[in-house]
Amino acid sequence: MKLLLETLSNKQGLPTPIWFMRQAGRYLPEYLELRKTTPNFLDFCYDPKKACEAALQPLRRFDLDASILFSDILVIPHALGQEVTFEKNIGPKLKPITKIEDLKSLRKNESILNPIFETVSNIKHNLKDHQALIGFSGSPWTLACYMINGQGSRDYANVREIALKDPNFFDYLMNTLIEIICNYLSQQIQAGAEVIQLFDSWAGVLSEKLFLKYSLEPNKKIIAYLKNRHPQIPIIGFPKGVGQNILEFTNQTQADAVGLDSSFSINWINQNLNHTVTQGNLDNISLLVGGEQMEQDIINIKKIKSPHIFNLGHGILPTTPIKNVEKMIEMVKGII
């Protein structure tokens with residue numbers, strides 16, 4: 001039995017499955033050694049053997065119920081022809097696009113994504129019988145933030161300004177992203193992905209009106225496409241930072257589960273999402289610090305009444321002690 005898949009079908013009374021975002025990565029010494037072998041991060045993501053190894057490393061250390069594809073959300077802008085680089089201690093850098101002519105001038109090359117599907121297949125063939133494989137993509141709004149701004153931002157004010165001033169461009173960009181994401185995720189499923197997660201990491205910067213138009217609606221379209229083509233595949237939506245708008249997201253998108261950042265109280269979750277499969281909520285800082293506070297947070301999260309997938313409210317931080325991760329898993333599994 002794959003506990004993650006059973007939980008995503010909204011079955012009651014099951015043990016709590018656990019995996020965590022960025023479970024492969026910089027907090028593991030073996031990952032740091034592997035990463036040194038390929039200086040360019042995108043080249044690393046496009047290497048099926050190394051990306052597979054990175055995805056499998058945490059499963060060798062920890063008793064987890066799922067592996068997630070090792071890749072990056074910015075492979076989509078790269079496949080659309082946008083220049084994408086990663087600078088050490090800074091993060092991603094893209095050549096910004098700010099108008100429809102910029103987008104139309106890009107030379108799309110979706111074939112560069114093919115190694116990622118090979119990675120999916122490689123991971124799938126190396127998993128234990130009880131472990132599920134999660135594929136993923138960034139959602140259109142979040143990808144648009146990076147494509148237009150060219151790098152990370154606290155609020156993406158310029159992106160929101162362009163969305164309001166030039167809706168024709170923005171609608172064209174959204175439709176372009178929806179189309180390539182649908183194809184990308186469908187090919188991940190064909191390669192062996194058993195669950196899909198959509199990361200809308202910057203949905204929280206949107207006003208309610210723009211949230212409905214540029215986060216909820218694009219995610220809804222992608223989920224509808226995947227449900228039509230791959231009805232057996234559960235989908236987790238993660239619109240980070242949207243507060244109570246998560247209710248509208250859950251009701252309208254028909255996602256099988258919804259990811260929760262760390263801002264939600266357990267009481268609110270139980271009162272408002274009691275018929276919804278939920279995932280996440282543990283503060284990644286709590287995991288980093290560990291000790292009694294982390295233990296109490298884990299105990300509280302285990303009070304969620306609906307079927308729940310234990311995870312963080314965001315990705316694991318690079319300086320997180322491995323002993324804290326071990327303790328967390330033991331507590332969730334009921335070993336201690």
Evaluate the side-chain proximity of [Y] to [X]: yes if any heavy-atom separation is below 4.5 Å, no if none is.
X: F170; Y: V159; result: yes
X: F62; Y: E326; result: yes
X: F86; Y: L74; result: yes
X: I236; Y: V258; result: no
X: I233; Y: V195; result: no
X: L113; Y: V75; result: yes

Hphob cluster co-occupancy, [X] + [Y], side-chain heavy atoms under 4.5 angstrom:
X: I322; Y: L312; result: yes
X: L8; Y: L14; result: no
X: L32; Y: L59; result: yes

Scan side-chain atoms only and decide if [X] and [Y] contain a donor-acceptor pair under the 3.5 Å cut-off.
X: S186; Y: Q190; value: yes
X: S111; Y: N109; value: yes
X: Q271; Y: N267; value: no
X: N158; Y: N149; value: yes
X: H78; Y: Y46; value: yes
X: E194; Y: Q232; value: no
X: D65; Y: Q131; value: no
X: T38; Y: K50; value: yes
X: N274; Y: S306; value: no

Should the pair [X]-[Y] be classified as a salt bridge under the 4.0 Å nitrogen-to-oxygen rule?
X: E87; Y: K93; answer: no
X: K213; Y: E217; answer: no
X: E295; Y: K327; answer: yes

TODO: Kindly indicate, with the supporting measurements, whether the criterion ring pair (Phe, Tyr, Trp, His ring centres under 6.0 Å) is fulfilled by Y31 and F70.
DONE: CA-CA 11 Å; Y31 171 80; F70 186 92; 5.7 Å; yes

Task: Intermediate values then yes/no, side-chain contact (heavy atoms from CB on, under 4.5 Å), L282 and M328 - done: CA-CA 10 Å; L282 181 67; M328 172 185 67; 3.6 Å; yes

Which atom of [X] lies closest to which atom of [Y], heavy atoms considered:
X: G259; Y: P239; result: O-CD, 4.3 Å
X: A193; Y: V120; result: N-CG1, 3.6 Å
X: V242; Y: A203; result: CG1-CB, 3.5 Å
X: L69; Y: I116; result: CD2-CG2, 3.7 Å
X: T119; Y: A51; result: CG2-CB, 3.7 Å
X: R160; Y: V205; result: CD-O, 3.3 Å

How about [atom1] on [X], more than 12 heavy atoms from neighbouring residues, nucleotides or ligands closer than 6.0 Å, or not?
X: R26; atom1: CZ; result: no
X: K95; atom1: NZ; result: no
X: E179; atom1: CD; result: no
X: R60; atom1: CZ; result: yes
X: E83; atom1: CD; result: no

- [ ] Report the residue from L3, L260, L4 that forms a side chain to side chain contact (heavy atoms under 4.5 Å, CB included) with I309.
- [x]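 Of the listed options, the one satisfying the test is L4.
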
Open item on the list: Can you tell me which residue among I304, I299, I298 is in a side chain to side chain contact (heavy atoms under 4.5 Å, CB included) with I301?
Closed with: I304

TODO: Before giving the answer on side-chain hydrogen bond (donor to acceptor under 3.5 Å, both in side chains), spell out for N219 and T253 the whole-Å C-alpha distance, their side-chain angles and the decisive distance to 0.1 Å.
DONE: CA-CA 7 Å; N219 280 297; T253 64; over 6 Å; no

To the nearest 0.5 angstrom, please state how far the [atom1] atom of [X] sits from the [atom2] atom of [Y].
X: L80; Y: K108; atom1: CG; atom2: NZ; value: 6.5 Å
X: L185; Y: L198; atom1: CG; atom2: CG; value: 6.0 Å
X: I148; Y: K99; atom1: CD1; atom2: NZ; value: 12.0 Å
X: K305; Y: I266; atom1: NZ; atom2: CD1; value: 11.5 Å

Counting N and O atoms only, with roles assigned by atom type, does the side chain of [X] sit under 3.5 Å from a partner on the main chain of [Y], one being a donor and the other an acceptor?
X: T176; Y: Y172; value: yes
X: S139; Y: T142; value: no
X: S153; Y: D155; value: yes
X: T320; Y: I316; value: no
X: N311; Y: W19; value: yes
X: Q293; Y: G290; value: no
X: D43; Y: P39; value: no
X: Q252; Y: K220; value: no
X: Q188; Y: F136; value: yes
X: T37; Y: E33; value: no

TODO: Begin from the C-alpha positions of Y146 and Y156 and carry the test side-chain contact (heavy atoms from CB on, under 4.5 Å) through to its verdict.
DONE: CA-CA 9 Å; Y146 289 104; Y156 291 98; 3.4 Å; yes

TODO: Only pairs at least two apart or in different chains count here, so list each ring pair (Phe, Tyr, Trp, His ring centres under 6.0 Å) that has a residue in residues 286-310.
DONE: none

Task: For V289, the rest of its hydrophobic cluster, which grows through side-chain links under 4.5 angstrom - done: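 Members other than V289 - counting any ILVMFWY side chain reachable under 4.5 Å - are I285, L288, L317.
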
Open item on the list: Just checking H314 against F199, ring centres under 6.0 Å apart?
Closed with: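 Ring centres of F199 and H314 not closer than 6.0 Å.
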
TODO: Would you check, one step at a time, whether the test side-chain contact (heavy atoms from CB on, under 4.5 Å) holds for L56 with L127?
DONE: CA-CA 8 Å; L56 295 174; L127 294 181; 4.0 Å; yes

Open item on the list: Test side-chain contact (heavy atoms from CB on, under 4.5 Å) on F117 and N122; report intermediate values, then the result.
Closed with: CA-CA 9 Å; F117 311 131; N122 289 349; over 6 Å; no

